[in-house]
Amino acid sequence: MTQNSPPLVLPPRLSRTVAALQDKDRNRLDDTITRLHTVNGRLWDTEDRVRGALLSAAQVADCKREIDQLNAERNLLAERADEVLGSLADAGRADAPLHTETLASVIDRLSVLTLRIWHSERAAARDELARRRVPALHGQREELCAALDALVSDVVAGRRRLPVPARFKLYGRDDAAPAEIKPSRRLRRVLAFGGLSECGKSTSAEFVQRTCGAQRFKIGFLLRQAAHREGLADPYALSPRRQAELLLGELNRFADAHVDTELFTIESVHDDASIAELKRLMGDALQIIYLDASFAVRVERSGTPAQAVAAKDEIKMSRGAHQVAALADHVIDNTGSIAALRARLRRIAAPPASTALRAATPYGLGLPAAVASATADFTDAVRAYGPGVRLAALTGSPGEGSWIAGWSDLDLLVIAEHEAIGRVHEALEQYRTALGGAASLGPTLVTPGELTARRLTPRLAFVLHQLQQGSPVLHAAPGLELPTISRGELAFAAVRELPQVILTTRRLRADAGPTALRQLYKHLVLACRLLLREHNQWESGPDRILAAASRMPGLTALATPSLAEISSAWRDGEAELVLKPVTVAVDQLLTWYAAQLAA
């Protein structure tokens with residue numbers, strides 16, 4: 001509806017009757033009548049536009065399409081209003097005289113008459129005929145309000161019946177009502193970024209694209225694509241509802257053609273009316289994100305004069321860009337650090353989820369009695385700290401049931417609030433003391449916020465994946481939420497981690513004395529595990545990993561002793577007996593790797 005157009009005021013008897021309805025029905029009716037009046041205002045504006053300035057044939061066709069769409073919406077809203085208003089009638093008087101139209105039809109006429117009065121009063125200053133019509137129009141409104149109130153009284157008292165409200169308007173379609181477009185089942189999640197100039201919409205969408213694999217679109221591009229497909233000259237001249245349908249149609253089309261795409265972003269949301277309609281069509285599958293920042297901050301970021309930013313703001317605000325904040329699912333204050341912004345975006349784009357974790361006691365992990373006892377004491381200690389410590393788990397070989405005394409480390413993951421880390425340090429000191437020399441402890445301490453913001457190293461991502469696959473935990477707080485880690489993410493993580501592992505392996509190989517055996521062998525296994533992930537192979541256990549890696553194209557079989565033989569030699573102080581075959585295997589792998597990446 002035109003900005004500053006008049007509200008629709010219902011006559012007193014009808015207003016009192018509506019106020020007596022149940023909250024749900026009253027709210028539904030208020031919303032429907034408000035939307036009906038808004039659609040009538042848009043119809044008036046569109047009809048003025050098609051009758052006014054000189055338009056091309058294509059522009060006239062666009063206006064006619066919009067008028068048809070608005071009329072269809074107008075009739076649908078009137079039917080919805082009658083569904084509620086029909087409950088006012090006394091159902092016991094089937095013999096009462098039948099009125100010629102429904103209550104919503106009269107309200108629709110009142111809406112149009114309200115608009116006619118408003119437009120006539122605006123034209124009266126320059127048009128004598130319009131000036132003379134205004135008193136008569138006001139008289140018509142008074143009569144119509146009185147007639148509507150009288151009809152309401154008769155309907156409530158059972159003195160008059162109402163006709164069936166269905167209108168069966170076709171508007172060029174073969175069916176009885178326009179089919180409402182729905183999101184494709186493959187269109188899973190869409191993030192829409194709104195805000196004023198230089199607020200960070202594009203950089204935020206780019207970050208989500210880079211880190212979450214989202215497909216990124218500009219709203220203007222989608223509308224132009226849809227307009228070209230349907231032969232529309234100017235999609236921006238269409239109603240907000242029609243624009244939303246065009247946007248959803250294009251998103252559906254892309255999602256159906258790219259079934260592996262889980263997430264889409266659209267920017268820039270400058271029209272509150274059309275994004276509100278898109279939200280009605282998509283529900284929670286669409287998440288609207290409004291980025292807020294002060295004018296001074298936005299000017300500083302832009303590197304342009306304040307007047308230039310203000311001019312852009314004025315254009316966007318004329319379209320309702322600032323009103324998107326009231327519709328948004330997430331309003332982000334983008335005046336802080338980049339780290340805070342990106343953490344919030346990651347939680348929205350890839351929300352954490354409650355995870356069913358498998359609990360186990362230290363005595364069920366195949367650990368020696370002394371190690372299991374020390375681990376149990378540590379678990380009891382952190383559990384006593386309450387919700388500050390969210391999770392404790394031994395990862396790697398203890399979780400896989402392949403821990404070897406004198407060879408394997410105790411890799412420990414603790415998820416704890418930052419305020420509880422000091423107490424965790426105390427528990428770790430007691431843990432180390434209780435272990436004595438029975439095992440080397442390697443703790444990883446991480447906060448819940450770091451996890452849900454997905455500030456993860458590749459190894460930490462792998463550990464979380466293992467926990468979600470059933471690797472046991474020692475302690476988990478109720479309601480713990482963890483990021484879901486897919487195999488695809490691990491494959492990409494392997495690409496990021498492998499270069500550092502190769503560099504470290506080369507450094508260890510340069511100093512390949514007996515004391516380096518353990519680290520050299522572990523890095524050989526880790527490098528092979530990461531290479532296998534790139535090939536979508538998911539082996540566990542050093543012996544199986546090295547055997548599988550030996551079958552990679554062009555790599556000579558890695559003839560290393562078994563883990564049992566290597567760990568036994570290490571514990572017995574005879575590392576030199578197995579060092580040579582390990583270094584040979586490392587040399588084979590490094591030579592092969594260099595050849596794969598040679599120009």
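For reference, positions follow the sequence shown, starting with 1.
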Under 3.5 Å donor-acceptor pairs involving side-chain atoms of residues 7-20, not counting sequence neighbours:
residue	atom	partner	partner atom	Å
Ser15	OG	Leu10	O	3.3
Ser15	OG	Pro11	O	3.1
Thr17	OG1	Arg13	O	2.8

So do the side chains of [X] and [Y] get within less than 4.5 Å of each other, counting heavy atoms only?
X	Y	result
Asp313	Arg298	yes
Leu85	Asp82	yes
Phe217	Leu251	yes
Leu482	Ile415	yes
Ile348	Asp329	no
Ile107	Ile33	yes
Lys279	Leu327	no

Any residue meeting side-chain hydrogen bond (donor to acceptor under 3.5 Å, both in side chains) with [X], in chain and number order, not counting sequence neighbours:
X	value
Thr452	Arg347
Thr265	none
Asp127	none
Arg390	none

With sequence neighbours left out, write down each residue that passes side chain to side chain contact (heavy atoms under 4.5 Å, CB included) with [X], or none if nothing qualifies.
X	answer
Glu128	Arg131, Arg132
Lys312	Ser197, Glu198, Lys316
Ala491	none

Show your working on side chain to side chain contact (heavy atoms under 4.5 Å, CB included) between Arg42 and Arg241 and close with a plain yes or no. CA-CA 11 Å; Arg42 290 172 180 161; Arg241 177 71 173 198; 5.9 Å; no
Sequence neighbours excluded - side-chain hydrogen bond (donor to acceptor under 3.5 Å, both in side chains) pairs with any residue from residues 137-147: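 Sorted result for residues 137-147: Glu121-His138.
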Pairwise side-chain hydrogen bond (donor to acceptor under 3.5 Å, both in side chains) hits with a residue in residues 334-346, at least two apart: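 Matches after skipping sequence neighbours: Asp333-Thr335.
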Taking only residues two or more places apart in sequence or in another chain, which ones pass ring-ring contact (aromatic ring centres under 6.0 Å, His included) with His258?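 With neighbours one apart ignored, the set is Phe254.
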Please enumerate all residues that pass ring-ring contact (aromatic ring centres under 6.0 Å, His included) together with Tyr290, with sequence neighbours excluded.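 Partners of Tyr290 by the ring-ring contact (aromatic ring centres under 6.0 Å, His included) criterion come out as none, since no residue qualifies.
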Whether Arg74 side chain and Val39 backbone form a donor-acceptor pair below 3.5 Å: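 Pair absent, no side-chain N/O of Arg74 close to backbone of Val39.
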